[in-house]
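None of the values given here were measured: they were computed from a predicted structure. Computed over heavy atoms, backbone and side chain alike; hydrogens, waters and symmetry mates excluded.
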Amino acid sequence: MNLILNTDSYKYSHFAQYPPETAAISAYIESRRGGDYDVTLFFGLQMFLKDYLSKPVTLADVDEAEAMITAHGLPFNRPGWDLLIERHGGYLPLMIEALPEGSVVPAGTPMVQVRNTDPEFFWLPTFIETALLRAVWYPSTVATVSWHVRQMIAETLDRTCDDPGPILPFRLHDFGARGATSYEQAGLGGVAHLVNFLGTDTVAALVYARKFYGEEMAGFSIPAAEHSTMTSWGEEREAAAYENMVEQFGGDGKLVAVVSDSYDLFRAVRNIWGGELKEKVENMGGTLVVRPDSGDATRVPIDTIEMLGDIFGYRVNAKGYKVLADCVRVIQGDGITPRTIRVLLEAMTERGWSAENLAFGMGAGLLQKVNRDTLRFAMKANARQDKDGAWHGIAKDPKTDPGKASKRYRQAVVIDDGAPVAMPLKDIGDRQNLMQPVWENGELKRDWTFAEIRERANPARK
């Protein structure tokens with residue numbers, strides 16, 4: 001990837017638009033208030049720093065960009081890029097500050113701030129806006145959606161389950177790889193989900209966690225059937241297909257998931273799992289996870305749970321909720337969004353079932369049905385430094401949309417009354433600034449581990 005070409009067209013003329021006395025520009029990233037959630041989980045910047053900024057711009061990159069951009073009809077700052085190679089070896093003379101990854105902060109809190117460290121490159125902080133903002137908004141948005149679902153499930157488990165601790169990390173499984181637009185998107189979004197949960201079928205997420213955060217194994221899965229492996233047996237041998245799954249993968253406390261709606265879900269549950277194969281399921285020494293994959297996603301999973309309860313039995317836990325026999329559970333992976341999860345959790349508990357009976361698989365609702373406006377992410381300039389060293393606050397404040405007003409002056413984040421609060425850096429006094437340098441002039445200043453990020457986002461219960 002040629003970093004010079006990783007931006008928007010209009011950025012190429014901006015080097016000639018700043019006041020001539022400019023020595024530095026500062027800009028920051030935040031999720032503005034008014035998005036889908038009031039708090040945001042910050043995650044993903046480290047992947048961009050390691051994958052993009054750690055590679056120097058080369059003369060070949062400059063030549064390629066100059067030819068393309070001039071043919072595109074725009075001015076190209078050839079002297080600036082040549083100087084960057086000559087003076088800085090192709091590394092961007094920038095200082096990037098950020099909150100610790102995994103921080104959960106109120107909307108409107110700056111998460112990243114960037115400025116140039118060489119006065120000749122005042123145009124660079126905003127030139128990289130396109131790439132830098134994209135590197136933050138997408139993984140942070142997926143992590144935030146996943147985190148809020150975790151809070152929702154945790155609250156219900158606390159009310160309905162005797163021991164939610166070991167169960168919670170596996171309640172939301174990432175099914176989103178095939179719905180992502182690329183391998184890179186699947187990796188970025190998939191690893192963001194793994195900040196909050198341990199279940200995934202997105203292998204790219206495991207690769208990204210290992211490559212960028214040093215996490216040897218970030219998530220887990222189980223053997224599971226798909227419609228092709230079940231329907232290849234033919235409808236007349238549906239029971240044999242299911243029996244093969246139990247024999248191949250059941251036993252020793254293991255879980256095996258079998259999609260059971262290829263022909264008639266309720267017939268399969270009643271006559272095959274609860275009839276021909278009932279004894280085999282009860283004696284296999286593991287857990288069959290029945291997967292409905294069609295119909296009303298807010299009703300079918302609970303009907304399946306109740307049918308399994310009638311067949312295999314259940315117990316009532318100490319909190320008064322029904323728990324299926326250990327040999328059977330249900331996972332719903334079709335039509336799952338945060339809204340349907342909430343509806344299912346409420347309906348399940350209203351019918352007296354513990355939330356531990358049902359796991360969720362979320363695909364497009366997790367990795368694809370988000371955009372920059374989901375959390376109203378933006379990157380805006382907040383200060384300009386003159387050549388005499390003086391900083392001046394700059395901001396936008398459009399009367400036609402006050403919600404787009406930006407923050408003036410270089411920003412800091414401090415703890416006030418136990419919560420993160422943004423304020424101008426010049427006003428923090430002796431309070432600690434939570435935003436610290438993570439990148440400076442081609443060097444990574446802080447390398448977060450996945451374990452640190454997970455603990456920060458979801459502190460272990462004491």
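Residues Leu194 and Gly199 share a closest heavy-atom pair of CD2-O, 4.2 Å. The two atoms that bring Leu324 and Arg329 nearest to each other are O-NH1, 3.1 Å, heavy atoms only.
Scored by the ring pair (Phe, Tyr, Trp, His ring centres under 6.0 Å) test, Tyr52 finds Phe48 as partners (sequence neighbours excluded).
Taking the six-membered ring for Trp and thresholds of 30 and 60 degrees, Tyr314 and Trp353 have ring planes more than 60 degrees apart, a perpendicular arrangement. Aromatic ring orientation, Tyr12 versus Phe127: perpendicular (interplanar angle above 60°, classes split at 30° and 60°). Using bins of under 30°, 30° to 60° and over 60° for the plane-to-plane angle, the ring pair Phe197/His193 lands in the parallel bin.
Between Met95 and Gln113, every side-chain heavy-atom pair lies at or beyond the 4.5 Å cut-off. Met1 is not listed as a side-chain neighbour of Leu5, based on a closest heavy-atom distance of 4.5 Å or more. A heavy-atom distance below 4.5 Å is found between the side chains of Thr337 and Thr340.
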Exercise. After noting the C-alpha distance and the side-chain angles of Thr287 and Val328, does the key distance pass the side chain to side chain contact (heavy atoms under 4.5 Å, CB included) rule?
Worked result: CA-CA 5 Å; Thr287 300; Val328 286; 5.7 Å; no
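Aromatic ring centroids of Tyr242 and Trp273 lie under 6.0 Å apart.
Under a 3.5 Å cut-off, the side chain of Glu235 and the backbone N or O of Thr231 do not form any donor-acceptor pair.
Under 4.0 Å is where a charged nitrogen must lie from a carboxylate oxygen, and between Lys380 and Glu129 no such pair does. Using a 4.0 Å cut-off between charged nitrogen and carboxylate oxygen, Asp158 and Lys319 do not count as a salt-bridge pair. A salt bridge between Arg446 and Glu452 is present, with a side-chain N of the basic residue lying under 4.0 Å from a carboxylate O of the acidic one.
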Donor-acceptor pairs are to be reported for all side-chain atoms of residues 32-44 against protein atoms at under 3.5 Å, with residues two or more places apart or in another chain.
residue : atom : partner : partner atom : Å
Arg32   : NE   : Arg376  : O            : 3.4
Thr40   : OG1  : Ser31   : OG           : 2.8

